[in-house]
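The basis for the numbers below is simple: all heavy atoms, side chains too, and nothing from hydrogens, waters or symmetry mates. Numbers restart at 1 for each chain; the letters A, B, ... are given by sequence-line order, proteins then strands. Since the model is a prediction, treat every value here as computed from it, not as a measurement.
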2 protein chains.
Amino acid sequence: MNDSTPPRATRRKAGTHTIHDVAALAGVSSITVSRYFNSPDKVSAAVRERLREIVERIGYVPSQVAGGLASGRGRVVCAVMQNIASATFADLVKGMTDELQASGLQLLLANAQYSQTLEENAIRTFVGWHPRALILTRDDHTPAAEAMLGALDIPVVEAWGFVEDRPFHQVGFPHAETGAQLARHFLEQGATRVRFVLPHVGEDFRAGQRAQGYAGAMQAAGCKVDLATADVEDDFEAGARTIAALAATPAARRPQAIIFANDNMAAGAILHAGDCGLSLPRDCALAGFGDAPISVRLKPALTTLRPARYQIGQMAARTVLRMLSAQPEHEPTPRRELLPCELIVRESSRLSLR
Amino acid sequence: MNDSTPPRATRRKAGTHTIHDVAALAGVSSITVSRYFNSPDKVSAAVRERLREIVERIGYVPSQVAGGLASGRGRVVCAVMQNIASATFADLVKGMTDELQASGLQLLLANAQYSQTLEENAIRTFVGWHPRALILTRDDHTPAAEAMLGALDIPVVEAWGFVEDRPFHQVGFPHAETGAQLARHFLEQGATRVRFVLPHVGEDFRAGQRAQGYAGAMQAAGCKVDLATADVEDDFEAGARTIAALAATPAARRPQAIIFANDNMAAGAILHAGDCGLSLPRDCALAGFGDAPISVRLKPALTTLRPARYQIGQMAARTVLRMLSAQPEHEPTPRRELLPCELIVRESSRLSLR
DNA sequence: TTGTAGGCGTTATCAT
DNA sequence: ATGATAACGCCTACAA
């Protein structure tokens, strides 16, 4: 009765079936069950049917954890977003999950809130998950992060932006160029005084890149760079204040056009213009960025840039999938997927030069 | 030279350090390294310092996969959203990740697009990850899903809604009640003809719950239930069409107020009203749902309901954390966290009865 | 087509 | 405070 060598207590959690349970019920070995899931064609039809029935009956689901450990290839892709709650990143996430779920990959998500340090932390955490690939949404990382990425030996995609000479895959569009595009849109209409309004500090660094593009285009045209930064967090309020300040400025000294770093600021300006006694675009032409759903509904409808947000997420995931199914030739040339960011010209940017 | 028993090729992936590497470098056993990470106070200060240095130097990160398997307690929480790309769910996700990341838990995300079947698939997938907890965003599941949830033996939180008699934790607010609240807001102002406009079919089923609440309140007041459904996907367009149709209706037969199932539809209506020659709220009072950032900026500013989106995500995560740290008394009474959904009265709902 | 042996990197258990 | 040993549940390598 008294075992001389008390066997170790089993650590097995109750209630969870394992591959062995299924194998025992089917009268086969566990490796056959493994094959049933991973390469069904290597299992005879008879056994397959028996297993199907048993799996269905007892509700067995293979453990991704054990499988990932054993095979060394888990089914996780990790992504670091800059602001999950924003429409931009939410659309990116949707594009990614739609694509990844279809391939049986799971997306592990982290939020870096535009902070390099938080991004580094997220990457470090992700390393412990042994992901199949990593999707980032910026291209300037801390040295420590860059070092980890270099050591990772998995596909790394930098999505949203599109810069040169990076060792990682690029999926997105050049932000500076879009800023220049908007500037030229006004310059070509004959404007000389064009202002660019950045959102409140500490936020989206991409806006800064667009501002640089704007500045470059203005200088190239021999015009003054007029860069302003919002003094409130709320983008709508920032836009409203900008337009109020404009109304208080003598017409001769006003910019002829304002480029807002995002559509929300522009919308705030448009919706508040009436209260300030301004009529847009007569008193000032406007443009935004992002093509928010509301933008086409505004009066005047807002000229803006339409980044292919969902498609960028989708293409980032596709790039991952492509690399995963490619020959394991190490260090292939990074892919460069340029996605459109279309200029949508609407009424708000029609310049009436005085 | 020729080994008689050729050893199996090691499966070890190059480039990745293991706990044994660290242990060897420090001249301790691997379990000590494990303790260094999981209960540092059980390791002497000297060893601790030595390990800190080594870990730092070689950039070792413990494998969550191996650890999860060995301990039976991984660091994953899974969540099934209904529409990741919407502001609502994006805010929920942010609330969750903010809270979970702080506790070293990772959020695995899936998107069900308001589909019960997709939700079931997501849950099945998640079961294979052996998550510590599950966060769902609806309370009506397929029987198969319900069965899996019942067998799971981990905390399950149903967030966003707030219903009775569920076996799972509830974190949210009662949607039907909010619909009734808006109806009463107009009834109390003396309205008798109040319409409720649902978004295009196949979308948000919560809108249906709010519509039911509205219908109940109308009937209780002896008024006719006037339920319409948008005929286009785009919410802004749906709102615009609704207001256009209203303009084409003789004033005497028009509803005195319209409750839109979400703020986007209401915004579409407000922004298009001018084009139809209508003045709001004089010709028709309006209300929405969701308190989108734009709503307060519209002219007239939109009366709406403000659900505590971020807080619901946060509280869902907190509920998970609380259950995980609680005594393992099985089957505790499900927690019920009622979060606010405040009525924000603005100009758009000021009824001018004729 | 099926099976055997052993290892994936970590932690639980028991022992010192 | 530290270590030896055996799981955790699955998959790769090799064999039949």
Side-chain angles (χ1 to χ4, degrees), chain A residues 3-24 26-51 55 58 60-75 127-130, chain B residues 3-24 26-51 55 58 60-75 127-130:
Chain A
D3 283 301
S4 53
T5 310
R8 283 158 189 281
T10 177
R11 283 199 258 159
R12 172 89 168 282
K13 289 155 298 170
T16 307
H17 298 288
T18 75
I19 202 171
H20 299 291
D21 300 335
V22 178
V28 298
S29 82
S30 56
I31 187 64
T32 301
V33 181
S34 173
R35 290 199 181 101
Y36 166 74
F37 283 104
N38 299 309
S39 36
D41 48 315
K42 292 187 176 175
V43 175
S44 71
V47 172
R48 212 155 49 202
E49 173 54 24
R50 198 143 31 105
L51 287 174
V55 166
I58 70 175
Y60 168 74
V61 180
S63 164
Q64 297 294 329
V65 182
L69 177 60
S71 69
R73 288 172 294 103
R75 307 197 67 68
V127 167
W129 285 99
H130 296 292
Chain B
D3 283 300
S4 55
T5 309
R8 284 159 186 279
T10 178
R11 282 197 260 157
R12 172 89 168 283
K13 290 156 295 169
T16 307
H17 298 287
T18 75
I19 202 171
H20 299 292
D21 301 334
V22 179
V28 297
S29 82
S30 56
I31 189 65
T32 300
V33 181
S34 173
R35 289 196 182 104
Y36 166 75
F37 283 104
N38 298 309
S39 36
D41 49 315
K42 291 187 177 174
V43 175
S44 70
V47 172
R48 212 154 49 201
E49 174 53 24
R50 198 145 28 108
L51 288 174
V55 166
I58 70 174
Y60 167 74
V61 180
S63 165
Q64 298 294 329
V65 182
L69 177 60
S71 69
R73 288 172 293 103
R75 308 197 65 70
V127 167
W129 284 99
H130 298 291

Distance-minimising heavy-atom pair for L69(A) and A66(B):
CD1-CB, 3.8 Å

Compute the angle between the rotation axes at the two ends of the helix from dT1(C)-dA16(D) to dT16(C)-dA1(D), each taken over five pairs, rounded to 10 degrees.
20°

Let me confirm one number: the CD-OG distance from E49(A) to S44(A), rounded to the nearest 0.5 Å.
11.0 Å

List the atom of S29(B), the atom of A23(B), and the distance in Å for their closest heavy-atom pair.
C-CB, 3.6 Å

Report the distance from atom CH2 of W129(B) to atom P of dC10(D), rounded to the nearest whole Å.
13 Å

Could you give the CG-to-P distance, from L69(B) to dG9(D), as a whole number of Å?
7 Å

Nucleotide dT2(D), atom P - distance to CG of N38(B) in whole Å:
15 Å

Members of residues 42-51 of chain B that approach DNA chain C, where some heavy atom sits under 4.0 Å away
none

Show every salt bridge (charged side-chain N to carboxylate O under 4.0 Å, His left out) that has at least one partner inside residues 37-48 of chain A, sequence neighbours left out.
none

Which heavy atom of W129(B) sits nearest to which heavy atom of R75(A), and what is that distance?
CZ2-O, 3.9 Å

N/O donor-acceptor pairs under 3.5 Å from side chains in residues 31-39 of chain A, not counting sequence neighbours:
unit_1: S34(A); atom_1: OG; unit_2: N38(A); atom_2: ND2; d: 3.3
unit_1: N38(A); atom_1: ND2; unit_2: S34(A); atom_2: O; d: 3.0

Contact under 4.0 Å: R73(B) side-chain N or O vs dC8(D) OP1/OP2
no

Could you tell me the separation between the NE2 atom of H130(B) and the P atom of dG9(D), rounded to a whole number of Å?
7 Å

To the nearest Å, how far apart are H20(B) NE2 and dT5(D) C1'?
12 Å

So H130(A) and T16(B), side chain to side chain contact (heavy atoms under 4.5 Å, CB included) or not? Walk me through it.
CA-CA 10 Å; H130(A) 296 292; T16(B) 307; 3.7 Å; yes

Taken to the nearest whole Å, CD1/I19(A) to C1'/dT4(C) is 15 Å

Shortest non-hydrogen contact from L51(A) to V28(A)?
CD2-CG2, 4.5 Å

Looking at T18(B) and D21(B), what are the two nearest heavy atoms and their distance?
N-OD2, 2.8 Å

Strand-adjacent residues in residues 26-36 of chain B, judged by heavy atoms under 4.0 Å from DNA chain D:
V28(B), S29(B), I31(B), T32(B), R35(B)

Quick one: label Y60(B) by what it contacts on the DNA or RNA (base, sugar-phosphate, nothing), any heavy atom closer than 4.0 Å.
sugar-phosphate

How long is the straight-line distance from OG of S71(A) back to CD of Q64(A), given to the nearest 0.5 Å?
9.0 Å

